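Reckoned from all heavy atoms, side chains included, excluding hydrogens, waters and symmetry mates. Owing to the predicted nature of the structure, the values given are computational and were not obtained by experimental measurement. First the proteins, then the strands, lettered A, B, ... as listed; each starts at 1.
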Amino acid sequence: MRALPVVAALIAALFAASPSLAAPISVPVSKFTLKNGMTVVLSEDHSVPRVHVGLRFGVGSSRETPGRTGFAHLFEHLMFEGSAHVPEGKFDQWLEAAGGENNAYTSEDVTFYYEEVPSNAVELPLFLDSDRLGFFVEKLVPDLVDGQRDIVKNERRQSIENRPFGDIELLLPPTLWPKGHPYSWSVIGSMEDLSAASIDDVKSFYGTWYAPGNATLVVVGDFTSADMRKKIEHWYSDVPGRGAVEKPKPAPAALAGEKRLVIEDAQAPFGLLQVVWPTVELYHPDDANLDLLAAVLGGGAGARLTKRLVHELKIAQQVEVHQGSMERAGSFNVMVLANPGGDLTAIAKVVDEELAKLKAGGVTPAELERARAGIESSMADALDSLGEKAQRLAQYTAAWGQPDGFERDLKRYRVATPQSVTDVAKRWLGKGRVVVSALPPGQTSLAVRSPIGGGK
Amino acid sequence: MKTETCVLASLLCASLLSVGATAAAPDRSKPPEAGAPKPFTIEQPKVFTLKSGLTVWHVARKRAPLVDVLAVIDAGPLRDPADRPGVAKWTADLLTEGSGGMRAVDFSDAVQSLGAEVASTAEIDHAWLSLHVTSARFPAALKLYAQALLKPDFADAEWARIRGQLFGEMMYQSQEPQELAQLAAQRANWGAEHRLGTAIGGTPRALIKTTPADLKAFYAAHYRPDATTLVVVGDIEQGALKRLLEAELGAWTASGSPPAAPALRGPPARNSRALYTVQVPEAPQTVLRVGIPAPAGTLPFTPDADVMNTLLGASFTSRLNTNLRETHGYSYGAHSRVAASKSGALFSVMTSVNAPTTAPALAEIFLELDRIRTPATEEEAVRARNVAALTVPSAFDSGRATASQWALFAAQRLDRTRLQQFVDQAQQVDVKALQGAALRLVRPSEAAVIAVGDLAQHGKGIAGLDKAIVLTVDDLLPGLAEAGAALGGDG
């Protein structure tokens, strides 16, 4: 490890003493469960006259069945197409007429819907959401499925097929995870499977996963809690419960050795190297340490890989490192954009050299503090937007049953030590990994050619 | 009874728990009606001037322990040297790449040790430097921020590296269809002679001839307290803020008067429709843009223009999105906007469509451009004006968003009460006013159409394809190959 330059060390010494956050992070909340089993979290925030209504379902692409990849996301689209008392198209029109907006996203584990409305119009999203949860399938017709199927295909073209390096999102999951593993296909799914999805699939998916017991409703914004509770109880009073839905269990997977994936990408302007190790699930004891390790390696110009590859050797343009934590397992990702015409093997060797140095020499206290300071700031960010706050509260409620989990979350990072961060590098960044080389057409000779090591 | 936790004041908890079962089932026969709207008053910044002449706009807020700072500097690309388009942006980029004798990596480490973010770049009207940090660390972070603003080094070694990265960004632009469409739209809308007709991020040809001396000269001429507005939003009181700013930025001086403002020319008029194409072989989608010059004097937050645009293409239920996405399934989404800068304003349409549907999708876009010039329904007008007016508070939700919003006002020298007036006036826009705005802004016969994709394979049926102006990567990013040779790379 190189010594820190004098001036930076001075600054670090000067400021590390003052804490990043002067007071604990806490949000006033109330939590209750409806008769139908739905968990509700309320948090008043009168900063702006708006109310954010977030509805989190514990279902994502990992709940899909073989031959129906992409279905959870297709289903998300269908949820905006109306329900028994909301004609097609009116979901969005009524919300916008009230000055509201809405959207949703689907990940491997979660589908999250939200509406944000002026605080005088808060009953509208409660009506719309409760209607699609309670009375969704009654009006479903094949035309609706066909229409949204086309839109999702266009989404896939736009976000994956017509952009440089988009293919990695499709090709990495089946390489990283064993056949049949719930993360071994992409969230967007295959065109063939999207074409095959039928209206019976829609009904069955709804019946299995879109139960109040699998939902967390979080309402944040300009309201009074007692009044909001009454409104929620009213609008969900005719939505029957359908029992509990089992939470997914961790499903860790390991790779026996190094697998290499070479992608010739028609739109790639230069090479991209991605090295991926299967790691731990969200909130595993090693998860926070892996987040901190990612920051030590790639979180800023002075982070180890960025400093060496971009600033000293100048053989790369950009480095990005992150621990992708999901409910069943996770992955640690190192991504490096090469210079135009640059050789990925040379970059991969440096990545391995730096990892070996870190494992042997350890992470320094200053590196750990830098990594931790960024995480503390991002926690404060979550207090400063209705939507961010709603997502955090929903996440903590689903994971821990405790909406106000900010300090509990921070504690995972505060207990980390240079040794604990070094240890997760030794434990998880070993020989079993995927090395992706994505390159412009005709440049596959620049791919990582031979096993380049790794190892402990 | 289900599990229940409550961390509210005990009185409120008691009232929550006392809520009994509700009696009547919900009436789902019609959507519930909204209550009386709450007025929304935009908190105006407190404006004060430091001894150095630097103007500060300050909004104090307590919601989160955070402070955001945005310096808005009259140093945007319209001030680029004529033979070096890009210098304004690169000068701004380098503020965070070494200052006060501290190298880029050391500066980054110092910023990160405070959990802070410092970033900079240039946009159409201005350059900016931002700081985002927790309030506990604000005094320390402000020292680093001031160092970046006042003492950038423009060191040879950092420029040599950054130049390679900027070349990489240009290579990316040359291959990414959306980026190519943006560059082609700039060229089509503003023309080759106008600075905005060329990439804001500059050309590869300018990149290879630019030296740190060029950047230092640009900095010396344009980075001055009397050409800067500092927007500060967050958890800090005015007294403490003034003391800190005087201490860290008080020494900023400039001699003489600021350089003259560049001559402002709007987008050139166009008398007939023109088609510009960029060929991308095998592209699964065609990226489409339509651009129409807006009348001189069109400013951000013009009520009738924004309500019209909301109905046409700036909301999910807009006509363009409904047509191209929901009705025809050509696209994942279609949008329009009225983009105003100090130089002038443009009305634009943006979408990406499944390649084989390029011709019918373009026909539908023009059908909507024609249709918006006829009266809308009352229901449409109400919906559009409510989206336009009632979503404004969202722009002031976070401190970061609030700072960005005021930075726009500073950059374009807009009247700070304009947005509050917009909130009130947008709700008065009726069907007639909406149509008036459409007749003024949406003039399909004067449109530039930009299509980026595999037109050789999927262009059949596009009106005017035989007379299209074919743009190449070298037109849009001149000197890319030369730059590749000059900058070497390592391949």
Side-chain angles (χ1 to χ4, degrees), chain A residues 5 7-8 11-12 15 20-22 28 30-33 47-50 85 92-94 96-99 118 120-121 123 127 150 154-155 157-158 161-162 164 226 229-230 233-235 237-238 267 269 300-302 307 311 314-315 317 339-342 370 373-374 376-377 380 383-385, chain B residues 2 4-6 8 15-16 19 22 25-26 28 31-32 34-35 37-38 40 63-66 102 104-106 108-110 112-115 134 136-137 140 161 165 168 171-172 175-177 282-285 315-317 325 329 331-332 352 354 383 386-387 390 393 397-399 489-491:
Chain A
V7 67
I11 285 174
F15 302 131
S20 185
L21 298 168
S30 57
K31 177 183 158 222
F32 54 93
T33 307
S47 307
V48 286
R50 306 272 293 175
H85 310 95
D92 293 294
Q93 284 184 14
W94 286 343
E96 289 189 357
N120 64 314
E123 288 207 52
F127 158 63
D150 286 345
N154 285 324
E155 181 177 356
R157 290 181 188 106
Q158 184 167 321
E161 295 173 14
N162 202 29
R229 177 169 180 161
K230 269 192 226 164
E233 286 177 335
H234 173 67
W235 283 107
S237 64
D238 59 354
Q267 294 182 349
K307 188 174 177 179
H311 288 260
K314 301 182 176 62
I315 58 175
Q317 307 175 56
N339 289 344
R370 281 201 297 276
E376 295 206 337
S377 294
L383 300 182
D384 203 25
S385 129
Chain B
K2 318 284 191 304
E4 187 141 10
T5 61
C6 194
L8 283 173
S15 78
L16 280 176
V19 172
T22 41
R28 296 186 179 276
K38 277 196 181 179
F40 175 59
R63 186 200 207 175
L66 291 166
M102 197 187 265
V105 287
D106 302 330
S108 169
D109 279 354
Q112 293 210 312
S113 70
L114 301 171
T134 59
R137 298 277 176 89
R161 170 181 57 79
Q165 287 174 251
M171 286 289 289
Y172 187 85
Q175 292 285 98
E176 214 277 332
E282 302 297 324
Q285 285 190 317
S315 58
F316 187 83
T317 67
R325 173 186 159 115
S331 171
Y332 175 48
S352 291
N354 189 17
R383 175 157 36 99
N386 281 351
V387 172
L390 300 178
D397 186 0
S398 71
D490 50 10

Peer 1: Among A:E96, A:Q317, A:E123, which has the most heavy-atom pairs under 4.5 Å with chain B?
Peer 2: A:E96
Peer 1: Can you measure from CG (B:L114) to OG (A:S377) and round to the nearest 0.5 angstrom?
Peer 2: 8.5 Å
Peer 1: Using modelled atom types and a 3.5 Å cut-off, is there a donor and acceptor pairing between side-chain atoms of B:N354 and backbone atoms of A:N154?
Peer 2: no
Peer 1: Between chain A and each of B:G329, B:P177, B:S352, count heavy-atom pairs under 4.5 Å; write down the option with the most.
Peer 2: B:P177
Peer 1: Taking side chain as everything from C-beta outward and backbone as N, CA, C, O, which of these in A:S47 sits under 4.5 Å from a heavy atom of chain B? Side chain, backbone, both or neither.
Peer 2: side chain
Peer 1: What part of A:A380 gets closer than 4.5 Å to chain B, counting heavy atoms only: side chain, backbone, both or neither?
Peer 2: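 Both backbone and side chain.
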Peer 1: Does one side chain, of B:T317 or B:R383, offer a donor that lies under 3.5 Å from an acceptor on the other?
Peer 2: yes
Peer 1: Return the set of residues passing ring-ring contact (aromatic ring centres under 6.0 Å, His included) with A:H311 (not counting sequence neighbours), or none when no residue passes.
Peer 2: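 Result, ring-ring contact (aromatic ring centres under 6.0 Å, His included) vs A:H311: none returned.
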Peer 1: Taking salt bridge (Lys or Arg N to Asp or Glu O under 4.0 Å) as the test, write out the residues that go with A:R157, two or more places apart.
Peer 2: none
Peer 1: For A:W94, which atoms come within 4.5 Å of any heavy atom of chain B: side chain, backbone, both, or neither?
Peer 2: side chain
Peer 1: Counting only heavy atoms closer than 4.5 Å, note whether B:Q285 contacts chain A via side chain, backbone, both or neither.
Peer 2: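 Both backbone and side chain of B:Q285 come within 4.5 Å of chain A.
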Peer 1: Looking at chain B, which one of A:L21, A:N162, A:V48 has the largest number of heavy-atom pairs inside 4.5 Å, strictly under?
Peer 2: A:N162
